[in-house]
Amino acid sequence: MAENEKKHDPEKEKRKIQAVSRMKEIMTDYYIEAKGAREKGRKVAWITSGGPVEPLIAMDVIPVYPENHGAMIGASKMGAQLCEQAEEMGYSRDLCSYARADIGDAVAKTGPIGGLPEPDMLVCCNNICGTVLKWYETAARFFNVPLFILDTPFIHREFTDSARKYVLAQIYEYISFLETHCGRKMDYERMEEVGRLSVEATQLWQSVLDTCAHKPAPMTAFDAFFHLALIVTLRGTQVTVDYYRQLLDELNDRIDRGIAMVPNEKYRLLWDNLPVWYRTRWLSDKFAGHDAALVADTYTSAWSGMLPEMNGQSFLEAMSETYTKVYINISIDRMFDIVAGMIQKYDVDGMVMHSNRSCKPYSLGQYDLRQMIMDRLGVPTLIIEADMVDERNFSESQIDTRIDAFMETLKS
Amino acid sequence: MNPLDRFKSVWNDPNDYARKRKQQTGRKILGYFCSYAPEELIHAAGLWPFRLLGTKGEIRMADTHLQSYCCSLVRGGLEAALNGSLDFLDGAVFPHTCDSIQRLSDIWRLNAGFAHHFDAVLPVRLDTPSARQYMIDVLNEFRQELADAFGTEISDDAVWQAIGDYNRIREKLSTLYELRSRAPGLFDPSTVHRIMTAAMVMERREFSEQITAFLEGVEPDAAGRSDTGRKRVVLSGGICTHPDIYELLARAGADVVWDDLCTGARYFEGRIAEDGTDPLAALADRYMERTVCPAKHQDITVRGRALVDMVRHQQAGGVIFLLLKFCDPHAFDYPYLKKFLDEAGIPSLLLEIEEQPPPEGQLMTRFETFVDMLA
Ligand code: SF4
Ligand code: SF4
């Protein structure tokens with residue numbers, strides 16, 4: 001994930017985001033804490049990136065995210081190697097590379113942090129895909145630990161009353177699951193407090209992303225990919241709130257001082273789908289070379305899309321709707337509405353879609369989405385075929401040519 | 001036409017059958033892709049549920065909507081919808097299955113242009129009372145939507161009637177499987193496969209009559225053909241649309257005696273209780289109790305245990321996994337199912353099918369090598 005290497009170019013120095021070092025500190029502390037949980041008698045739960053982490057925080061359980069780990073593996077360019085490990089165990093090369101890399105590393109423990117801390121329990125929310133269901137079943141068999149599944153029905157048209165009832169019932173089942181496996185009761189006051197912090201962090205995250213509506217943008221989606229880690233892993237904690245406040249201040253300050261992330265920003269682009277973790281640097285330079293800034297993306301904004309509409313409900317009640325309505329748990333036409341809103345808000349000139357072999361719920365439907373964007377909004381769109389972690393599925397020369405050609409059409 | 005010829009001709013061109021039969025009966029037809037589609041409700045509405053199995057032809061039009069890393073069932077299904085070969089459909093219903101079908105539903109709704117479209121977003125976990133309740137709610141909503149769309153009413157009585165019809169059909173299919181298992185030589189190797197296809201696409205009343213007649217005509221072990229002297233294997237996987245596999249396998253020296261395919265035993269497994277008060281709860285309970293498809297969750301080892309039991313119960317020597325390329329749910333289960341088999345000392349073979357199975361020569365060699373290993 002690390003984007004900033006030391007280079008003594010004063011222009012580049014000026015553009016570096018200072019908060020990065022604080023973020024690294026927090027993430028390092030967090031992984032050290034998680035790795036040492038056993039000795040301290042604390043429980044570790046693995047949870048999916050779109051899963052409700054707040055009850056875990058309220059119960060003092062350390063949340064660990066295999067997907068974040070997958071991203072780390074990708075950024076460390078260890079993806080292909082760990083995926084192959086899983087393939088040798090019989091997992092098809094066509095499966096999601098987060099799952100493959102993580103399954104490979106659970107056995108090999110040769111990844112960037114020598115294997116994730118082992119789970120005491122697993123919490124899987126299928127609001128992002130069916131892959132996580134299968135992946136967590138695999139983990140439950142491998143580690144022989146209890147598994148909780150939060151089933152959030154896909155929204156083709158509307159969030160029905162029966163779905164709302166079902167998800168809410170499961171939220172309480174989730175809490176009893178935690179109570180059983182932690183051996184103590186939920187403190188509901190603490191729960192609401194964690195919920196309040198989570199909402200606050202999510203709002204701050206939205207404000208951080210919104211700074212890119214400014215021209216020129218003080219950061220790009222490549223920065224958002226990096227700063228995302230906290231809202232995924234530790235929302236509901238004070239640390240996260242403080243961090244995003246710091247980041248927001250810095251970004252606003254950049255706006256005041258006229259510092260742009262892409263020096264001569266001329267073209268503003270929207271990114272769709274997960275990052276190509278092992279090539280963020282290359283892609284970032286590539287677009288910057290064309291004076292193009294990726295000013296927004298559908299991926300990191302998925303977490304700010306999790307802002308609950310409280311309407312006087314308790315956090316737990318609001319949660320059932322919020323978690324069910326996340327970006328990739330909705331139909332293509334609903335996705336279009338969100339994308340159209342972003343295109344307007346960030347005033348973008350074009351869209352870049354990463355057709356990601358690993359992620360079917362995100363990628364299938366992109367062709368239709370693209371057609372709608374071109375037909376209804378007249379925004380040109382480029383599709384690049386790749387994979388977020390498995391670098392064997394990245395063809396540099398092909399993507400290089402396609403980006404050049406696309407940028408030429410934007411310029412003409 | 002005798003029943004077997006009828007089944008074969010339906011198998012050969014289900015679309016042509018549907019078009020003609022629809023003209024004769026005036027029945028409306030609803031397509032579906034998955035064994036979790038609540039067919040009983042469709043049947044109770046006076047419609048005819050028609051299983052979609054992809055396409056036998058080339059995939060062209062679907063390419064503008066779906067990437068190449070999507071299974072051939074989804075791509076082929078969309079192709080058939082777009083190229084007009086499903087023009088007899090009045091609509092389709094998508095019960096929630098996997099990530100690919102989930103998106104196919106959207107793409108289909110936005111592009112295929114059929115009069116009706118339904119999503120029945122069933123629960124993914126099938127192991128809790130709240131999931132059961134939600135399933136009943138979704139079935140109720142689907143019943144209402146169906147009734148509204150086709151301007152009918154679907155009374156409880158009609159649903160009970162449909163449940164009865166389906167129980168009879170499923171009993172017949174299960175008898176057919178039992179017969180084959182006891183005496184594989186009674187039928188040509190691909191006969192049961194063809195009948196299963198017919199069962200899922202034929203207008204159900206006609207199918208019911210034909211299967212009854214067919215079974216009555218079977219003379220158990222008439223000429224001692226039942227003992228083929230071949231080895232016994234079980235198939236495991238999603239769908240199978242390639243009868244040649246059965247023929248080749250027989251030539252290689254093995255009979256398929258049972259399966260755990262979505263288009264096979266999973267289709268008729270589990271009776272629906274007919275003595276309850278709420279017919280939708282009865283439907284839900286079959287789904288909750290039947291061994292799950294890998295896109296659903298019941299318990300983390302249930303499929304492994306069931307497969308080993310099936311092999312033992314059928315006295316089979318091994319398992320052939322028939323997996324569609326790019327099918328995530330099945331691919332995720334494969335390593336653990338294989339491990340369960342290995343631990344029970346049961347040999348297995350993995351066959352991945354893209355759009356077509358591997359070339360015949362290659363397949364034959366693999367089958368022969370595998371069959372040689374079997375007890
Ligand atoms: S990348 Fe896609 S398929 Fe993989 S875990 Fe994430 S949402 Fe699921
Ligand atoms: S379950 Fe598998 S075979 Fe069935 S539609 Fe999904 S990916 Fe295709």
Side-chain angles (χ1 to χ4, degrees), chain A residues 86 89-92 94-96 99 103 124 126 129-131 133-138 140-142 147 149-157 160-163 165-170 172-173 328-329 331-335 355 357-368 371-372 383 385, chain B residues 63-71 74 94 96-100 102-107 109-111 117 119 121-125 127-131 133-138 140-141 294-297 299-301 304 323 325-336 338-339 350 352:
Chain A
M89 292 159 65
Y91 291 93
S92 158
D94 302 318
L95 292 172
C96 166
I103 289 170
C124 169
N126 63 3
C129 62
T131 282
L133 173 75
K134 302 310 293 175
W135 178 5
Y136 277 58
E137 286 178 348
T138 301
R141 285 188 296 264
F142 184 79
L147 164 64
I149 291 160
L150 184 71
D151 181 13
T152 46
F154 189 83
I155 303 179
H156 286 287
R157 298 197 207 186
T160 60
D161 286 340
S162 49
K165 252 180 23 202
Y166 175 42
V167 180
L168 189 59
Q170 291 175 85
Y172 289 105
E173 290 162 18
I328 62 171
N329 205 42
S331 63
I332 298 168
D333 18 0
R334 278 177 160 251
M335 284 172 132
S355 163
R357 282 181 83 88
S358 268
C359 189
K360 295 187 176 81
Y362 216 145
S363 306
L364 303 183
Q366 269 175 328
Y367 292 180
D368 278 76
Q371 205 57 47
M372 287 162 133
I383 293 192
E385 302 277 344
Chain B
D63 278 338
T64 44
H65 299 276
L66 286 167
Q67 286 92 330
S68 56
Y69 48 85
C70 172
C71 80
V74 165
F94 292 80
H96 186 271
T97 309
C98 62
D99 294 338
S100 306
Q102 181 176 292
R103 284 293 170 223
L104 176 64
S105 168
D106 291 343
I107 296 171
R109 172 167 54 81
L110 295 168
N111 298 284
H117 188 96
D119 288 294
V121 190
L122 297 178
V124 168
R125 59 182 305 177
D127 61 338
T128 56
S130 61
Q133 184 54 52
Y134 172 66
M135 163 120 39
I136 295 171
D137 291 345
V138 173
N140 253 315
E141 284 156 20
K296 302 281 183 207
H297 173 84
D299 105 30
I300 54 175
T301 54
L323 304 188
K325 191 165 168 62
F326 303 117
C327 170
D328 294 346
H330 280 283
F332 263 112
D333 270 3
Y334 166 71
Y336 114 78
K338 173 164 190 319
K339 190 162 157 254
L350 170 63
E352 199 180 51

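Every chain is numbered from 1 and lettered A, B, ... according to where its sequence line falls, protein lines coming before strand lines.
When all heavy atoms of R103(B) and P361(A) are compared, the pair lying nearest together is NE-O, 2.8 Å. Counting all heavy atoms, side chain and backbone alike, Y367(A) lies closest to D63(B) at CE1-O, 3.5 Å. In terms of heavy atoms, P123(B) sits closest to Y166(A) at CB-OH, 3.5 Å. Of all the heavy atoms in L364(A) and Y69(B), the pair that sits closest is CD2-CE1, 4.3 Å.
Taken from CG in L110(B) to CD1 in I332(A), the straight-line distance is 6.0 Å, to the nearest 0.5 Å. Taking CG from L122(B) and CG from D151(A), the interatomic distance works out to 10.0 Å, rounded to the nearest 0.5 Å. Distance check, rounded to the nearest 0.5 Å: CD1 of I149(A) to OG1 of T128(B) gives 9.5 Å. One distance of note links NZ of K360(A) with CG of D99(B); it measures 8.0 Å at 0.5 Å rounding.
Looking at Q371(A), there are no atoms closer than 4.5 Å to chain B (heavy atoms on both sides), in backbone or side chain. Proximity to chain A (any heavy atom under 4.5 Å) is shown, for I107(B), by both the backbone and the side chain. S100(B) touches chain A through backbone and side chain together, each having a heavy atom under 4.5 Å away. At a 4.5 Å heavy-atom cutoff, H330(B) makes no contact with chain A through either its backbone or its side chain. For chain B, the nearby part of A169(A) is the side chain; its heavy atoms alone come within less than 4.5 Å. Looking at A295(B), only its backbone comes within 4.5 Å of chain A, counting heavy atoms on both sides. Of the two parts of Y336(B), only the side chain, counted from C-beta on, holds a non-hydrogen atom closer than 4.5 Å to a non-hydrogen atom of chain A. Only the side chain of T138(A) comes within less than 4.5 Å of a heavy atom of chain B; its backbone N, CA, C and O stay farther away. At a 4.5 Å heavy-atom cutoff, N140(B) makes no contact with chain A through either its backbone or its side chain. Of the two parts of H297(B), the backbone and the side chain both hold a non-hydrogen atom closer than 4.5 Å to a non-hydrogen atom of chain A. Only the side chain of L133(A) comes within contact range of chain B, judged by heavy atoms closer than 4.5 Å. For A99(A), the part sitting under 4.5 Å from any heavy atom of chain B is the side chain, from C-beta outward, and nothing else. For chain B, the nearby part of L147(A) is the side chain; its heavy atoms alone come within less than 4.5 Å. Contacts between T97(B) and chain A at a heavy-atom distance below 4.5 Å are absent for every atom of the residue.
When each of A163(A), G365(A), C359(A), S331(A) is checked for heavy-atom pairs under 4.5 Å with chain B, S331(A) comes out on top. Top candidate by heavy-atom pairs under 4.5 Å with chain B, chosen from R141(A), R357(A), M89(A), E137(A), is R141(A). Between chain B and the options Y136(A), Y362(A), F154(A), heavy-atom pairs under 4.5 Å are most frequent for F154(A). Contact count versus chain A (heavy atoms, under 4.5 Å) is highest, among K338(B), E352(B), K339(B), R109(B), for R109(B).
K134(A) places a side-chain N or O within 3.5 Å of a backbone atom of P294(B) that can act as its donor or acceptor partner. Side chain of D137(B) to main chain of S162(A): no donor-acceptor pair is present (N/O by atom type, distance under 3.5 Å, no hydrogens or angles).
Not counting sequence neighbours, the partners of R125(B) by the salt bridge (charged side-chain N to carboxylate O under 4.0 Å, His left out) test are D127(B).
Side-chain contact between H96(B) and P153(A) is absent, with no heavy-atom pair separated by less than 4.5 Å.
Using modelled atom types and a 3.5 Å distance limit, the side chains of Q67(B) and S363(A) yield no donor-acceptor pair.
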